[in-house]
Undergrad: 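Shown below is the structure under consideration.
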Amino acid sequence: MYIKDLSGFEGQEVTLKGWVANRRDSKGLVFINLRDGSGVCQCIADATKISENDFECAGKLGLESAVEITGTVVKDERQIGGFEVHVSKLNVYQYAEEYPIAKKEHGIEFLMDKRHLWLRSQRQWAILRIRNTIIYSIHQFFQKEGFVQMDAPVFTGNACEGTTNLFETDFYGDPAYLSQSGQLYGEAMAMAFGKIYTFGPTFRAEKSKTRRHLSEFWMIEPEMAFFDIHQNMDLIESFLQYVIKEVLDKCQNELQLIDRNTDILKTSLKPFPRLTYDEAVAIIKGEKDVNGVNSIKSLEEELAKVEAAITTTIAEIADREAKIAVPGMKKGEINFNQNKIATLKNDLKELEEQQRNIPTWIASAKNFEYGNDLGGSDETVITRLFDVPIMVYDWPHEVKAFYLKRNPDNPRFARGVDVLAPEGYGEIVGGGERETDEMKLREKITEHELPMEAFEWYLDLRKYGSVPHAGFGLGLERLVTWLCQLKHVRESIPFPRMYGRLLP
RNA sequence: UCCUUGAUAGCUCAGCUGGUUAGAGCGAGUGACUGUUAAUCACUAGGUCCCUGGUUCGAGCCCAGGUCAGGGAGCCA
């Protein structure tokens, strides 16, 4: 019996097994918010209706104690699920004492240290359930489209884009690297099965401390024989829209719990604009407007808004502090104001962070040098102007990977494509059409100073039935982060591995 | 690797210009209260002020070096 199914049992006696999410006492009454993984339900132990022993047990339950509760399902409009349980019998599996995560705001370092327990909180529960729906819908989409799921190895002997950010391990005495992409193997498998996708862990030893980096993350890499870059973009669009639609359909409750405004998810079901690198650069530098909005001007307006918000926040903090200072205020009201002040101060910190960042973003957008890759801030600048993900393709070949095909009409450009998520989330997909010519690949490998012998197997693919093909890589955690509108990728995976974080 | 912000009670934070015995709320413990939703109210316990060195009659506060963490850049999905 699970809490999510209670509505079908009104008036009947049921038995629930779960954990105490919250408990409140009154004389003769104990309120227990029971959490069982499927949902939360309030259970009421009334001293006049259960045994003396059971009532005493109920009063001793600390947060996250494990219990089995038997009781009657009663309709109650005040409850979230619309039902509560009137306890008739209580069986305690374990009394928990001093649960470290309090019913209050905590700092991120503390919560990450307690990640194994933090997972139990409602917000984390909702996010990771959405992650599950995303994973399931990814498999559904590709299976329906006739793709075969194939696994690339995790240990690799060669790097596809240099070795500086690879984790090195010992493989029977030889150096081996943890995979930073299954792409080259994906190409080999596509030549055998036509359309394949890999779904596995990926490792990058980047000493990055930003909101969009993990050292270990999950990547989906489809690879399709006989696809060009435009077919690739068509596939990316229908794929992402399928996943978004599934999340909207199946996760209403979870999206509500995390307070996700779904407007942009809905507008993302319309076609994704496809911009060339040249067009994207013009927009970033403010030379070209999008629907009458200029990137630089809108950033400057944003900065002005942030500065105005800082002024009003400071004023409100001072105001509330003055109010508390006046004697005679009730304790509850003082608490309320102090909590409010704490929240405002946190807001203020974030606003000040933005106040420092935005001017550097404006500068970097204005001074963007044609021919460079887009930086994190450039992605933020351009995606703020759209209410849909955008696709940027045809990149200067120097900044992209060696295996990408050149545009036959203009060989300065490589046929790579990046998908940038709206709301400032940036790159979630990177892909493109692959080079099919063996000699051109050899030139590129030499140019990138990569060890040729490690790529001989890959070059075989161009000797034996080389065909046009394309593919892409989607960072699962970045997609989860965007769809859930999280501030940081670390909440999009149960146990994040990142620079400085190996436990728990 | 660079820029930037920070580290004070179990947690979240105050601590003014360097000055006697270090403060609040939450959490914990005890008690009160029969409908609470982070319940409320009263009382109690709880401190290596991140580390090392320096300046000073005196350092939580100033200086130097380090450690750890937050945010950003580079790099990337």
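Chain naming here is simple, since letters A, B, ... match the order of the sequence lines and numbering starts at 1 in each. As a basis for the values below, the full set of heavy atoms in this structure was taken, side chains included, without hydrogen atoms, waters or symmetry mates. In this text the structure is predicted, and so the values were computed from the model without any measurement.
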Undergrad: With respect to the side chain of A:K27, which nucleotide from B:C33, B:G71, B:G35 is positioned closest?
TA: B:C33
Undergrad: Answer with yes or no whether A:H213 presents, from its side chain, a donor or acceptor under 3.5 Å of a partner atom in the base of B:C76.
TA: yes
Undergrad: For A:D373, answer base if it contacts any base atom (sugar-phosphate contacts may also be present), sugar-phosphate if it contacts only those atoms, and nothing otherwise; contact means non-hydrogen atoms under 4.0 Å.
TA: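 Sugar-phosphate contact only.
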Undergrad: Is any NZ, NE, NH1 or NH2 atom of the basic residue among A:R131 and A:E477 found under 4.0 Å from an Asp or Glu carboxylate oxygen of the other?
TA: yes
Undergrad: So what does A:N33 touch, heavy atoms closer than 4.0 Å: a base, only the sugar-phosphate, or nothing?
TA: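 Counting heavy atoms under 4.0 Å across all strands, no contact is made by A:N33.
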Undergrad: My understanding is that a pair needs two contacts under 3.5 Å, Watson-Crick or G-U wobble. By that rule, which nucleotide pairs with B:C16?
TA: none
Undergrad: Quiz question: by atom type and distance under 3.5 Å, do the side chains of A:E216 and A:T202 form a donor-acceptor pair?
TA: no
Undergrad: Can a donor-acceptor pair under 3.5 Å be found between the side-chain atoms of A:E84 and the base atoms of B:G35?
TA: yes
Undergrad: Which whole-number value in Å describes the distance from A:L374 CG to B:C75 C1'?
TA: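 These atoms are roughly 13 Å apart.
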Undergrad: Taking atom P in both B:A14 and B:C50, compute the distance separating them and give it to the nearest angstrom.
TA: 13 Å
Undergrad: Are OP1 or OP2 of B:A77 and a side-chain N or O of A:R211 less than 4.0 angstrom apart?
TA: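 Indeed not, no polar side-chain atom of A:R211 lies that close.
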Undergrad: Pick the nucleotide of RNA chain B nearest each of A:L29 and A:L476; which residue has the one closer to the 5' end?
TA: A:L29
Undergrad: Under 4.0 angstrom, heavy atoms only, what part of the nucleic acid is A:L214 near: base, sugar-phosphate, or nothing?
TA: base
Undergrad: Out of B:G74, B:G71, B:C33, which nucleotide sits closest to the side chain of A:S26?
TA: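 The answer is B:C33.
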Undergrad: When the C1' atoms of B:A22 and B:C61 are considered, how many whole Å apart are they?
TA: 13 Å
Undergrad: Return the value, rounded to whole Å, for the distance between atom CG of A:D46 and atom C1' of B:C33.
TA: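 Taking atom C1' of B:C33 as the reference, CG of A:D46 is at 15 Å.
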Undergrad: Could you tell me how far apart A:D418 (CG) and B:A77 (C1') are, to the nearest whole angstrom?
TA: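 My rounded result for the distance is 9 Å.
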Undergrad: Can A:F31 be said to stack with the base of B:G35, given centres closer than 5.5 angstrom and planes under 30 degrees apart?
TA: no
Undergrad: Given B:A73, B:G71, B:C33, which nucleotide is nearest the side-chain atoms of A:D25?
TA: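 Minimum distance to the A:D25 side chain belongs to B:C33.
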Undergrad: Closest-nucleotide mapping onto RNA chain B: is A:E427 or A:G107 further toward the 5' terminus? I mean the 5' end.
TA: A:G107
Undergrad: Tell me: CZ of A:F368 to P of B:A73, nearest whole Å?
TA: 14 Å
Undergrad: So A:G375, base contact, sugar-phosphate only, or nothing? Heavy-atom distance under 4.0 Å.
TA: sugar-phosphate
Undergrad: How would you label the contact of A:R501 with the nucleic acid (heavy atoms, under 4.0 Å): base, sugar-phosphate, or nothing?
TA: nothing
Undergrad: Can you tell me how the ring of A:F402 sits relative to the ring of A:Y458, calling it parallel under 30°, perpendicular over 60° and tilted otherwise?
TA: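 It falls in the perpendicular class, over 60°.
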Undergrad: Using 0.5 Å steps for rounding, measure from the OG atom of A:S26 to the CZ atom of A:F31.
TA: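 Rounded to the nearest 0.5 Å, the OG-CZ separation comes out at 6.0 Å.
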Undergrad: From the list B:G35, B:G70, B:A73, which nucleotide is the closest neighbour of the side chain of A:I44?
TA: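 Between B:G35, B:G70, B:A73, the one nearest the side chain of A:I44 would be B:G35.
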Undergrad: So what does A:E109 hit on the nucleic acid, given a heavy-atom distance under 4.0 Å: a base, only sugar-phosphate, or nothing?
TA: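 Touches sugar-phosphate only.
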Undergrad: Base, sugar-phosphate, or nothing for A:G430, non-hydrogen atoms under 4.0 angstrom?
TA: sugar-phosphate
Undergrad: Of the candidate nucleotides B:A73, B:G70, B:C11, which contains the atom at the shortest distance from the side chain of A:H106?
TA: B:C11
Undergrad: With respect to the side chain of A:Q79, which nucleotide from B:G70, B:U36, B:A73 is positioned closest?
TA: B:U36
Undergrad: Under 3.5 Å, is there a donor-acceptor pair between the A:H213 and A:Y499 side chains?
TA: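 Distance-only check fails for A:H213 and A:Y499.
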Undergrad: Under 4.0 angstrom, heavy atoms only, what part of the nucleic acid is A:Q42 near: base, sugar-phosphate, or nothing?
TA: base
Undergrad: Establish whether the base of B:C76 is bridged to the side chain of A:R478 by a donor-acceptor pair shorter than 3.5 Å.
TA: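 Flag set: donor-acceptor pair detected.
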Undergrad: What integer number of Å spans the C1' atoms of B:A24 and B:G31?
TA: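 That atom pair is separated by 23 Å.
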Undergrad: How many Å lie between CG on A:N357 and P on B:U4, as a whole number?
TA: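 Roughly 13 Å, once rounded to whole Å.
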Undergrad: Looking at every strand, decide which applies to A:S364 at a 4.0 Å heavy-atom threshold: base, sugar-phosphate, or nothing.
TA: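 Here A:S364 touches no strand at all.
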Undergrad: For B:U1, what is the paired nucleotide under Watson-Crick or G-U wobble rules, both distances under 3.5 Å?
TA: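 Partner of B:U1: B:A73.
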Undergrad: Which nucleotide in the set B:A77, B:A73, B:U37 lies at the smallest distance from any side-chain heavy atom of A:R212?
TA: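 Looking only at heavy atoms from C-beta outward on A:R212, the closest nucleotide is B:A73.
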Undergrad: Calculate the interatomic distance between A:L61 atom CG and B:A28 atom P; express it in whole Å.
TA: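 Distance check: A:L61 CG to B:A28 P gives 13 Å.
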Undergrad: Can you tell me how far P of B:A69 sits from OH of A:Y499, to the nearest Å?
TA: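 Checked: the OH to P distance equals 8 Å.
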Undergrad: For the residue pair A:F472 and A:F142, does the interplanar ring angle fall in the parallel (under 30°), tilted (30 to 60°) or perpendicular (over 60°) class?
TA: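 Judged by the thresholds at 30° and 60°, the geometry between A:F472 and A:F142 is tilted.
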Undergrad: Report the C-alpha separation of A:R415 and A:D394 in whole Å, then their side-chain angles, then the decisive distance to 0.1 Å, and conclude whether the salt bridge (Lys or Arg N to Asp or Glu O under 4.0 Å) test is met.
TA: CA-CA 5 Å; A:R415 306 231 88 168; A:D394 271 7; 3.2 Å; yes
Undergrad: Where the side chain of A:F110 is concerned, which of B:G35, B:G74, B:C11 is the nearest nucleotide?
TA: B:C11
Undergrad: Would you mind pulling out the nucleotide paired to B:U67, Watson-Crick or G-U wobble, both distances under 3.5 Å?
TA: B:A7
Undergrad: Between B:U36, B:A73, B:C68, which nucleotide gets closest to the side-chain atoms of A:W361?
TA: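 Comparing B:U36, B:A73, B:C68 against the side chain of A:W361, the answer is B:A73.
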Undergrad: Aromatic ring centroids of A:H139 and A:Y197 under 6.0 Å?
TA: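 They qualify: ring centres under 6.0 Å apart.
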Undergrad: So what's B:U37 paired with, Watson-Crick or G-U wobble, going by both distances under 3.5 Å?
TA: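 Its partner is none (no Watson-Crick or G-U wobble pair with both distances under 3.5 Å).
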